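Every chain is numbered from 1 and lettered A, B, ... according to where its sequence line falls, protein lines coming before strand lines. Atoms considered below: every heavy atom in the structure, side chains included; atoms not considered: hydrogens, waters and symmetry mates. Source: prediction; values computed, not measured.
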There are 2 protein chains.
Amino acid sequence: MSGNVMELNFGSLDQFSSDQNGVSLKPLRCPAPFLLKTYDLVEQGIEGEDGIKIVSWNEEGNGFVVWSPAEFSELTLPKYFKHNNFSSFIRQLNTYGFKKISSKRWEFQHEKFQKGCRHMLVEISRKKCEPSVFPQYLKSCSEENAMTNNSSVEEDNNNHELLMEENKNLKKERLELQMQIAECKALEMKLLECLSQYMDNRQNKVRRLC
Amino acid sequence: MSGNVMELNFGSLDQFSSDQNGVSLKPLRCPAPFLLKTYDLVEQGIEGEDGIKIVSWNEEGNGFVVWSPAEFSELTLPKYFKHNNFSSFIRQLNTYGFKKISSKRWEFQHEKFQKGCRHMLVEISRKKCEPSVFPQYLKSCSEENAMTNNSSVEEDNNNHELLMEENKNLKKERLELQMQIAECKALEMKLLECLSQYMDNRQNKVRRLC
DNA sequence: GGGAATATTCCC
DNA sequence: GGGAATATTCCC
């Protein structure tokens, strides 16, 4: 196992800060490991005995460029991550809100990912899936309805495959909706329990007052 | 990267079955990679030049024993997984419902994990987050879905009308489920309002008592 | 043991 | 790009 990621140590996950008097303050939230590793990997983008520049900051220092995706995948990624897939790396960049800002080269940017500002990484967070209360269900509703209305009837009639596909998706969706309902019911139960506890408390209070 | 897990290939994720006439049937669900790897790893539990038995089936063949956790972690795990942590392995076993059945040795069991029954792995699934609340109802649902999928594949293929009909019904069902969810959400709101009123009342009561 | 966050993979 | 399933880690 020598030479691979399992023996690398990226240090403790917790970060401590100290003020100007050297007094230790409470632990700060730590940047996600992915961000720290990506930052470090950009800083050390020169590899191999021929000193190829595989990855580096861009000219402005407000983004980075993967100059050689092949060598990046083969040499750089496995030093920092548990894989050597460029696409998995890209997936993570997207998860953390990086944008690909050039169609001509692999250049990525994030407002809080800048040369010399390792401390700023803590301000980058993963995109969340659940924005509000009714979103996914309302969203799927309107989208589906639009779809159904737009799609031409004759195509559907003539395309068995499409129909089968839609059917399959509908079944999947049904299961998801059923699970959502189960979750709702569970939440109701909890709320009811909660409510009954409050009522019991009130009863007791009333009794004590009599 | 030679010699580590990233170059191992465990084959396609999809499995196909054929009947006795060699006719290819539709793809079967494939066991989780974790289960296949664990099965294979138990089968090949002898390692090193001194031929130590690191892991093997138990006497009955209905479970397996990790005889040497240290060597298992250091030698076996990284060959099959992207880590060398015994605890991560245990975490996965728990996720898939395995039980530790001895306090004296690292012996694990799962009803569907048996010597010579690699095909049975497909019946093992990850535990879901919400087991207790409405299990029977969800279960019957998924069984129903399985039934629907299995029954009369050829008829469905050949009968466009049936497919259209099913499709229509599924959409109707979807609408009903969405309405159910809307009702649930509305009820939740009322319960929350109710709860907050009780909390306010209690506050007032406390205030009056002071 | 298992909940939950993060990482990796797979797929659209 | 991103949703979602699975894997790995971290923590109780």
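At whole-Å resolution of the value, CZ in B:F34 and C1' in D:dT9 are 15 Å apart. Following rounding to the nearest Å, A:K37 (NZ) and C:dA7 (P) show an atom-to-atom distance of 7 Å. B:K82 has its NZ atom 10 Å from the C1' atom of D:dA7, to the nearest Å. Atom CG in A:L93 sits about 12 Å away from atom P in C:dT8, given to the nearest Å. Spacing between atom CG of B:L77 and atom P of D:dT8 amounts to 9 Å, rounded to whole angstrom units. Taking atom CD of A:Q92 as the reference point, atom C1' of C:dA7 lies 5 Å away to the nearest angstrom. Whole-Å rounding puts the A:F98 CZ to C:dA7 C1' distance at 15 Å. Taking atom CD1 of B:I90 as the reference point, atom C1' of D:dC10 lies 16 Å away to the nearest angstrom.
A close approach under 4.0 Å does not occur between any side-chain nitrogen or oxygen of A:Y96 and OP1 or OP2 of C:dT6. Contact between the side-chain N/O atoms of B:K127 and the OP1/OP2 oxygens of C:dG2 is found at a separation under 4.0 Å. Between A:R126 and C:dA7 there is a side-chain N or O to OP1 or OP2 distance below 4.0 Å. Phosphate contact (OP1/OP2 of D:dG1, side-chain N/O of A:K99, threshold under 4.0 Å): absent. At D:dT9, one or more side-chain N or O atoms of B:N85 fall inside 4.0 Å of OP1 or OP2 (strictly under the cut-off).
Around atom NZ of A:K115, no more than 12 heavy atoms belonging to other residues, nucleotides or ligands sit under 6.0 Å away.
Taking the six-membered ring wherever Trp is involved, the centroid distance between the rings of A:F34 and A:F89 falls below 6.0 Å. In summary, the aromatic rings of A:F72 and A:W106 are positioned with their centroids too far apart to meet the 6.0 Å limit.
Of all heavy-atom pairs between B:C117 and B:Y39, the closest is N-OH, 3.4 Å.
Side-chain contact check for A:W57 and A:Q114: no donor-acceptor pair (N or O, by modelled atom type) lies under 3.5 Å.
When the nucleotides D:dT9, C:dT8, D:dA7 are ranked by their closest atom to the side chain of A:F81, C:dT8 comes out on top. Looking at the side chain of B:K100, the nearest of the listed nucleotides C:dG1, C:dT9, C:dA7 is C:dG1. When the nucleotides C:dT6, C:dT8, D:dT8 are ranked by their closest atom to the side chain of A:P33, C:dT6 comes out on top.
A donor N or O paired with an acceptor N or O is not found under 3.5 Å between the base of C:dG1 and the side-chain atoms of B:R91.
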